[in-house]
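For clarity, every value in this text was computed on a predicted model and none was experimentally measured. Basis for what follows: all heavy atoms, side chains included, without hydrogens, waters or symmetry-related copies. To find a chain, count down the sequence lines: A is the first, B the second, and so on, and within it residues start at 1.
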Protein chains: 2
Amino acid sequence: MPQKLTLKKIATDLKVSISTVSKALRDSHEISEETRTKIKDYAKKFNYKPNSIALSLKNQKTKKIGIIIPEIVHHFFATVISGVERVANEKGYQVIITLSGESFDKEVVNMEMLANGSIDGFIMSLSKETMSKQDFHHLREVTNQGMPIVMFDRVSKDIQCDQIIIDDVSASHTATEFLLRKGCKKLGIISTVDYVSVGRLRTQGFREALQQRMFEMEEHQVLKIEDAENCDNLIENFLKENEFDGIVAVNELFAVTASKALQRMGKKIPQDVAIVAFTDGMLSKYASPTLTTISQNGEEMGALAASKLIEKLEAEDHKEESYETVVVKTSLVERESTP
Amino acid sequence: MPQKLTLKKIATDLKVSISTVSKALRDSHEISEETRTKIKDYAKKFNYKPNSIALSLKNQKTKKIGIIIPEIVHHFFATVISGVERVANEKGYQVIITLSGESFDKEVVNMEMLANGSIDGFIMSLSKETMSKQDFHHLREVTNQGMPIVMFDRVSKDIQCDQIIIDDVSASHTATEFLLRKGCKKLGIISTVDYVSVGRLRTQGFREALQQRMFEMEEHQVLKIEDAENCDNLIENFLKENEFDGIVAVNELFAVTASKALQRMGKKIPQDVAIVAFTDGMLSKYASPTLTTISQNGEEMGALAASKLIEKLEAEDHKEESYETVVVKTSLVERESTP
DNA sequence: ACATTTTACGAAAACGTTTTCGACTTTTTT
DNA sequence: AAAAAAGTCGAAAACGTTTTCGTAAAATGT
């Protein structure tokens, strides 16, 4: 019921000017000890907090960073946010999150809404639709206005910005080679459609690992899934039509779905078929058997993205327009799904 | 590199006044057809978008709602956010998310930061530490300033605000009764410490279901877990010390941990022991066996919370100070962990 | 006693909007 | 032809800050 306390109100209550109040609260030497303590006491007593909107307008910076991700109900993205949030808060920034829902239009709308002064910079991962359209005009508009963007995971080389990625090719190579070393002969990969960069790159790593051992990857070894919603049948058929003894899956959902299908088919994991997944989330830890995975460390990616962005934001005179691509190390976490 | 376009810049470029530009863009009849189209064309060409910070300051509303939750790497909270975000966006609001990390202090700090003009209202779920301290002064300060709060899931009756909850007692009663009807005789419940409301209430529902069949709940039937991190041993001991044939778990993590422990002990699920969990998330769907759960429908809770909050926000003259508690229906999703 | 410096405060501009009001010009009415 | 009305635009205030600059009073120096 009492309206928000402002400088003006303090000023009239204490019969001084607004500027005096402002200076007193910021410990200016221009104000006498006496009035300074009087004002500060009053402010403390009634819990004065400067209005952040007014500050944003005045300073032309909001101390907020915007995140745009495809989905939040997704362990990897949730961990990234967690990392962003942690370092952002440490450095006095707040985080605004919007979801594109894998839709290009929603990504554009959200971006435009945030770009109009609401935030100082972006951290984002592209929606599937954006990846497939390869339309990045909304990103360009933002960077042209001098607002920095840091992209992670699903990125595009066509945009001038810092990028935080994992080396998908190499990670997938590692996973595949791991299976080969364990003695697997007939490998398959369950991937996404090619326009999703992680799917394409992980398939490439798979192929390269095979080539290194003088195998040529054949089409029937690859399953490309567009829509994760009803992947069950696709995966089951893929496994039935091929006699694999090792599977690489580009996410844990595909991996656990494959694991269950194989078990239904009477296969033992890891004895008959070994599985390596990407994304070290809940499912990998709690599925039966637990899954060997490539851990992406979303928390670290988020933290790095936030650091990079804030660094850019606070380097006022951004004369040196340099953009960096940071490759975050992955690690193979061995669990029960491999021998 | 080109600075952001403002009304002032358009005005000088077109040699009219700022007010004329503002009016023209808002299609005021005060401005002649001719200048109006001239200005609108210019604005469109250079992609003018009003600065939202300035608007917020002017209108004394930000069109943003703040969310404070304990963790984001948690399926239930992620679905709630998803629901909030959907409804908020439909109604032209944006969402700012902060995480308390289950810490009282961080909850207070985040709340104070957001309350200073950054947002119009709150949607939140209390941190464990706040629940245990029962210190709600930060919430009171906010409501006293006339800023509405909608709480969900982890709520407190002591705060005057709308609340979105599930009927934990009744849901737990349903889950327990379901096990009893399936023929279970020796039931146990894996819960949280009592100051977490959901743990307390679900334990109560468990007790009531037993009482209804003339059983008295005994202490050894209840396991109260404080820290989910290392619950494995606690759960394993609990299961070894008792010969249960039915388990109610207040979340899916406890449930799947119990399930694995039981299987290690050579028990068959659901033949030897049946399990019902709360929180219908990824684990329930993909664990082996899949888990029968009470579905909380976080998406709906989030959507409801957002609707309620926005309704309050847009009812300018909130003379009628009424607060509602909405109980969201739960449903029992039968899967493999029960006969 | 006068000039100079220091102290302590207030006025005003700026950030980007919207809106009220006043004023000038043109058109319509009588 | 004079009066009223309508049409078109700009000035200024307001939202809550911070900061620059100006200035009056007090203190200090000669």
Whole-Å distance separating the [atom1] atom of [X] from the [atom2] atom of [N]:
X	N	atom1	atom2	result
A:R36	C:dA8	CZ	P	9 Å
A:K15	C:dG10	NZ	P	12 Å
A:E33	C:dA8	CD	C1'	13 Å
A:I39	C:dA8	CD1	C1'	11 Å

Over 12 foreign heavy atoms within 6.0 Å of CD, B:Q160: no
Is there a side-chain contact between A:Q163 and A:V326 (heavy atoms, below 4.5 Å)? no
B:K312 and B:D162, any side-chain heavy atoms less than 4.5 Å apart: yes
Going by atom types alone, do B:S127 and B:S103 pair a side-chain donor with an acceptor below 3.5 Å? no
Using a strict cut-off of less than 4.0 Å between a Lys/Arg side-chain nitrogen and an Asp/Glu carboxylate oxygen, indicate whether A:E71 and A:K128 qualify as a salt bridge. no
Are A:S17 and C:dA11 close enough that a side-chain N or O sits under 4.0 Å from OP1 or OP2? no
For each nucleotide in nucleotides 15-25 of chain C, reading 5' to 3', give B when a protein heavy atom comes within less than 4.0 Å of its base, S when such contact involves only the sugar-phosphate, and - otherwise. BBBBBBB----
Taking any heavy-atom pair under 4.0 Å as a contact, classify B:S56: base, sugar-phosphate, or nothing. nothing
Scan B:T6, B:L5, B:I10 and name whichever one has a side-chain contact (heavy atoms from CB on, under 4.5 Å) with B:K8. B:T6
